*Asks:* 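Mind looking over this structure? Questions follow.
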Amino acid sequence: MGVGMSEPKDCQECPAKLWCAVSGGKDSLATAHTLADQGRLKGVVFMDTGISIPGLEEFVRGVAKSENWSMEVYRAKPDDYEGFVRRWGFPGPGKHDAIKNLLKGRRVREFSKVHPGEWLASGVRSKESTRRFRNVRPTSVWEGVNMVAPIHDWSDKQVWGYLGERGIAVSPAYETLHISGDCLCGAMSEPEEAYMVETFYPEVGRRLRALEAELRQSSINPLYGAWGNGRGNGFHQERIDKCDSCEVG
């Protein structure tokens with residue numbers, strides 16, 4: 001299990017209504033709409049990682065408003081990502097859990113302080129990848145918060161079919177990067193993807209290139225001096241757990 005996670009709880013303990021972590025990605029939106037269809041959605045939670053595509057929060061707010069969902073936002077500190085990179089270099093697959101815990105895990109802790117004892121639904125699915133198949137459980141505990149994955153056994157075909165049948169829009173980043181874009185930390189990215197980010201989201205690209213230039217003047221190992229440095233890693237060959245799959249939980 002990931003950083004801060006523990007053994008699953010009995011799903012029979014799940015409350016009647018749940019908050020849902022929504023990134024704007026296909027899985028989290030399918031989860032939120034499924035809960036809403038069942039009358040079980042209490043509200044949605046957006047976690048601002050501080051390194052996402054521009055306009056994503058506004059997109060999620062628009063969805064919440066159109067569906068009349070309550071929405072709360074929990075934000076990473078402005079320098080969380082840069083601080084991590086300056087200290088450790090750009091994250092690769094081996095640092096995925098660490099950067100996820102920093103940018104999202106701490107937001108889960110903040111949620112728990114505002115809503116003690118509340119459960120949080122996630123769009124995580126076991127069929128996303130081989131590693132997900134081994135690790136994803138219907139329920140778990142992350143950072144002290146009980147988590148439930150209502151669509152954990154759905155396939156990609158089921159997710160896209162559900163969204164298509166209902167005309168549910170997903171993050172605009174799918175048209176450009178083919179991911180939700182809520183976290184562009186680069187831990188599961190290849191170097192070439194940086195050019196796609198630069199092309200479609202130049203302000204993010206400039207930010208990443210400026211960090212790379214900083215690291216070239218530092219004592220950081222050059223292996224970690226570039227965004228998307230995980231090429232050749234055993235994890236990466238399957239293209240698993242890209243940040244589209246980086247759902248909470």
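From a predicted model like this one, the values you see are computed outputs, not experimental measurements.
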*Asks:* For Phe59, give me all partners under ring pair (Phe, Tyr, Trp, His ring centres under 6.0 Å), at least two apart in sequence or on another chain.
*Replies:*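 For Phe59 there are no ring pair (Phe, Tyr, Trp, His ring centres under 6.0 Å) partners, ignoring immediate neighbours.
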*Asks:* Using the side-chain hydrogen bond (donor to acceptor under 3.5 Å, both in side chains) criterion, which residues pair with Arg86? Sequence neighbours excluded.
*Replies:*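 For Arg86, the residues satisfying side-chain hydrogen bond (donor to acceptor under 3.5 Å, both in side chains) (neighbours in sequence not counted) are Glu214.
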*Asks:* Does one side chain, of Ser23 or Ser28, offer a donor that lies under 3.5 Å from an acceptor on the other?
*Replies:*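 Yes.
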*Asks:* Quick one: list whatever passes side chain to side chain contact (heavy atoms under 4.5 Å, CB included) with Arg107, sequence neighbours left out.
*Replies:*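 Only Met47, Tyr74, Ala76, Asp80, Glu110 meet the side chain to side chain contact (heavy atoms under 4.5 Å, CB included) criterion with Arg107.
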*Asks:* Roughly how far, to the nearest 0.5 Å, is the CG atom of Leu102 from the OH atom of Tyr81?
*Replies:*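 Result: 11.0 Å between the selected atoms.
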*Asks:* Quick one: closest heavy-atom pair of Lys17 and Gly39, and the distance?
*Replies:*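 For Lys17 versus Gly39, the nearest heavy atoms are CE-O, 3.3 Å.
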*Asks:* Hey, is the main chain of Val145 close enough, under 3.5 Å, to the side chain of Ser112 for a donor-acceptor pair?
*Replies:*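 Side chain of Ser112 to backbone of Val145, a donor-acceptor pair under 3.5 Å: no, none is there.
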*Asks:* Do the side chain of Glu175 and the main chain of Pro172 share a donor and acceptor less than 3.5 angstrom apart?
*Replies:*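 Judged by distance alone, no pair lies under 3.5 Å.
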*Asks:* Say whether, by atom type as modelled, one donor and one acceptor occur between the side chain of Trp227 and the main chain of Leu184 under 3.5 angstrom.
*Replies:*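 Side chain of Trp227 to backbone of Leu184: a pair is present.
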*Asks:* Test your reading of the model: is there a side-chain donor-acceptor pair from Ser180 to the backbone of Gly24, 3.5 Å cut-off?
*Replies:*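 No, the answer is negative, given that no donor and acceptor are paired below the 3.5 Å cut-off.
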*Asks:* For Asn229 and Phe90, indicate whether the former's side chain and the latter's backbone hold a donor-acceptor pair under 3.5 Å.
*Replies:*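 Present.
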*Asks:* Using only atom types and a distance under 3.5 Å, with no angle test, would you say the side chain of Ser171 pairs donor to acceptor with the backbone of Tyr174?
*Replies:*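 Absent.
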*Asks:* For Arg61, enumerate each residue passing the side chain to side chain contact (heavy atoms under 4.5 Å, CB included) test, keeping only those at least two apart in sequence or located in another chain.
*Replies:*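 Arg61: side chain to side chain contact (heavy atoms under 4.5 Å, CB included) contacts with Glu57, Met71, Val73, Arg75.
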*Asks:* Is a side-chain N or O of Glu165 found less than 3.5 angstrom from the main chain of Tyr162, in a donor-acceptor match?
*Replies:*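 Side chain of Glu165 to backbone of Tyr162: no pair is present.
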*Asks:* Quick one: does Arg40's side chain have a donor or acceptor within less than 3.5 Å of a partner on Ala16's backbone?
*Replies:*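 Checked: pair present.
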*Asks:* Give, for atom CG of Leu163 and atom CZ of Arg166, the distance between the pair rounded to the nearest 0.5 Å.
*Replies:*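 The CZ atom of Arg166 is 8.5 Å from CG of Leu163, to the nearest 0.5 Å.
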*Asks:* Atom CG of Leu208 and atom CD of Glu82: how far apart are they, to the nearest 0.5 Å?
*Replies:*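 Result: 8.5 Å between the selected atoms.
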*Asks:* Does the pair Glu143 and Phe111 meet the rule for a side chain to side chain contact (heavy atoms under 4.5 Å, CB included), with working shown?
*Replies:* CA-CA 10 Å; Glu143 298 297 346; Phe111 168 84; over 6 Å; no
*Asks:* Which pairs count as ring pair (Phe, Tyr, Trp, His ring centres under 6.0 Å) when at least one residue sits in residues 180-211, sequence neighbours excluded?
*Replies:*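 Qualifying pairs: none.
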*Asks:* Provide the full list of ring pair (Phe, Tyr, Trp, His ring centres under 6.0 Å) pairs with a residue in residues 22-43, sequence neighbours left out, each pair given once.
*Replies:*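 Non-adjacent pairs meeting ring pair (Phe, Tyr, Trp, His ring centres under 6.0 Å): His33-Trp69.
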